[in-house]
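Data block below; observations after.
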Amino acid sequence: MTVTQVSDKVSVKDIEEYRGQLLDWYDQHERHVPWRIPAGETPDPYSVWLSEIMCQQTTVQAVIPYYTKFLEIWPKVEDLAAAKQEDVMAQWAGLGYYARARNLHKCAQVVANDLDGQFPDTQEQLKELPGIGDYTSAAIAAIAFGREAVVVDGNVERVLARFYAVEEALPKAKTTLKVLAAGFYNGLGAEAGHLAQAFMDLGANVCIPKAPRCMLCPISDGCEARKLNRQTDFPVKGAKKARPQRYGQVFFIKNSKGELLFHRRDEKGLLGGMLGLPSTDWGTKKQIAAPDFIDVDKPLKLKAHHVFTHFDLELELVGASVDESYVTEGYFWSDPYNEQDNLPTAFKKALKLYLNS
DNA sequence: TGTCCACGTCT
DNA sequence: AAGACGTGGAC
């Protein structure tokens, strides 16, 4: 889009000045994270991609140990492509949004097998790959390939919603914020990646959601929200809805070797493709049928609680048994101490309660 | 405590 | 196009 004037509040000339101040601030204050390489070196697209997928909806601090581990185990995209999916899921366990791990693996296979191991170098082509959408395609294009992409994540939105005192509520304001962001990125060329990272570091450390540290902000002079002393009024959000309560039972079934029965979950839906324990479905009623090859024994008087994005879960621990000679598709016996770190958090909590009881 | 972050991608 | 999809830490 051509941008001559994006706001009646700030001129194009002023925008250039403010973004200069932001880039200067970034030179001094950038966060040191393992995927940021020293100035002058060429970034490895595989590392940039891996870090950006992990950082979706996830704080940098949570990402760092996972990022390091993944690169240790799978240093090249070809290594990740050749991995077994269950190994990728096991390494991702605890990081959440498991569709990211399934798509990560698929994407690695496309790049390794169909694209000669090279990530595409334009935003448009990147966006065609599994797990790469508007934000991530822009981020990789800018950071790994020096493209002038308009990188807009939640941090950029918060900074700009405040800078321009955008009264329109999210998610509708997304279009407006993208235009405002384009005003900042316009004409930057290969510096776009630096501006993106500057915005994100500013959003993470200074223009934080609550109690923003405006005294430390390099562009506070131009911030409309600050002029109004209404920083935390922006970005304006739509009303949020209540989280429903759901219930389920999780079954602890031992064999003669003292191993527990585990379950590889279906590829689709909640915790798709992840390791789990045998369980009922999770619903709004307390009584839900167990898988029919399981003989329910007795409640263990233990309950695990877990919060998902869209519901709260109460998981009752129940002892059970099966005919050891008949274990159906997707179920297998294993040492719980070998598997606990491969479980998503809801099951890990339940297993921990069981092992400590 | 409970609320928020957290647009990010896919369907 | 609105809802599904995790987690942990800050306050």
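Quick note on labels: first sequence line is chain A, next is B, and so on, each numbered from 1. Here the structure is a predicted model, which means the values were calculated and not measured.
- Remark: A:Thr345 is in phosphate contact with C:dG8, judged by side-chain N or O atoms under 4.0 Å from OP1 or OP2.
- Every stem involving DNA chain B, taken as at least 3 paired positions in a row under the Watson-Crick or G-U wobble test at 3.5 Å, is listed here: B:2-5 with C:8-11, B:8-11 with C:2-5.
- Listed by residue number, A:Pro130, A:Gly131, A:Ile132, A:Gly133, A:Asp134, A:Tyr135, A:Thr136 are the residues of residues 130-149 of chain A with a heavy-atom contact under 4.0 Å to DNA chain B.
- The nearest heavy atom of DNA chain B to A:Leu129 and to A:Lys174 marks one nucleotide each, and the one closer to the 5' end goes with A:Lys174.
- To the nearest angstrom, P of C:dG6 lies 12 Å from CG of A:Leu313.
- Taking the ring centroids of A:Phe199 and A:Phe163, they lie at or beyond the 6.0 Å cut-off.
- Between the CG atom of A:Asp312 and the P atom of B:dT1 there is a distance of 14 Å, rounded to whole Å.
- Rounded to a whole Å, the OH atom of A:Tyr98 is 7 Å from the P atom of C:dG6.
- Using a 4.0 Å cut-off between charged nitrogen and carboxylate oxygen, A:Lys227 and A:Glu224 count as a salt-bridge pair.
- Nucleotide B:dC10 holds its C1' atom 16 Å from the CD atom of A:Glu128, rounded to whole Å.
- Going from atom OH of A:Tyr97 over to atom P of B:dC5 covers 13 Å, rounded to whole Å.
- Residue A:His310 places none of its side-chain N or O atoms closer than 4.0 Å to OP1 or OP2 of C:dA4.
- Applying the 6.0 Å contact sphere to CG of A:Asp297 captures more than 12 heavy atoms from other residues, nucleotides or ligands.
- Side-chain contact check for A:Trp282 versus A:Leu315: some heavy-atom pair is nearer than 4.5 Å.
- For A:Phe308, taking side-chain heavy atoms from C-beta onward, the closest of the listed nucleotides C:dT7, C:dC11, B:dC7 is C:dT7.
- Counting any heavy atom pair closer than 4.0 Å across all strands shown, A:Gly272 reaches no nucleic acid atom.
- Taking the six-membered ring where tryptophan is involved, the planes of A:Tyr67 and A:Trp35 are perpendicular, since the angle between them exceeds 60° and thus also 30°.
- Remark: A:Arg162 does not engage A:Asp233 in a salt bridge, criterion side-chain N to carboxylate O under 4.0 Å.
- Taking atom CZ on A:Phe311 and atom P on C:dG6, their separation rounds to 9 Å, with Å as the unit.
- Side-chain N/O atoms of A:Arg158 include one lying less than 4.0 angstrom from OP1 or OP2 on B:dA6.
- Taking atom NZ of A:Lys106 as the reference point, atom C1' of B:dT9 lies 12 Å away to the nearest angstrom.
- Between A:Arg243 atom CZ and C:dA4 atom P the separation is 13 Å, expressed in whole Å.
- Positionally, the nearest nucleotide of DNA chain C for A:Gly96 lies more toward the 5' end than for the other of A:Gln61 and A:Gly96.
- Ring to ring, A:Phe70 and A:Trp49 are not that close: their centroids are 6.0 angstrom or more apart.
- No option in A:Val152, A:Val150, A:Leu195 other than A:Leu195 meets the side chain to side chain contact (heavy atoms under 4.5 Å, CB included) test with A:Phe184.
- The residue A:Val152 sits apart from the nucleic acid: no heavy atom pair falls under 4.0 Å.
- Residue A:Asn103 places its side chain closer to B:dC10 than to any other of C:dG6, B:dC10, B:dC5.
- At a threshold of 4.0 angstrom between heavy atoms, the contacts of A:Ile208 with the nucleic acid are absent.
- For B:dA6 and B:dG2, the P atoms lie 22 Å apart once the distance is rounded to whole Å.
- Ion pairing between A:Glu124 and A:Arg147 fails under the 4.0 Å rule for side-chain N and carboxylate O.
- Distance CD/A:Gln109 to CG/A:Leu104: 10.0 Å, rounded to 0.5 Å.
- Using a 4.0 Å heavy-atom criterion, one finds that A:Lys237 contacts the sugar-phosphate atoms exclusively.
- In this structure, A:Arg213 fails the cation-pi test against A:Trp25, since its NZ or CZ atom is not both closer than 6.0 Å to the six-membered ring centre and inside 45 degrees of the ring normal.
- Side chain of A:Lys210, nearest nucleotide from C:dG6, B:dC4, B:dC5: B:dC4.
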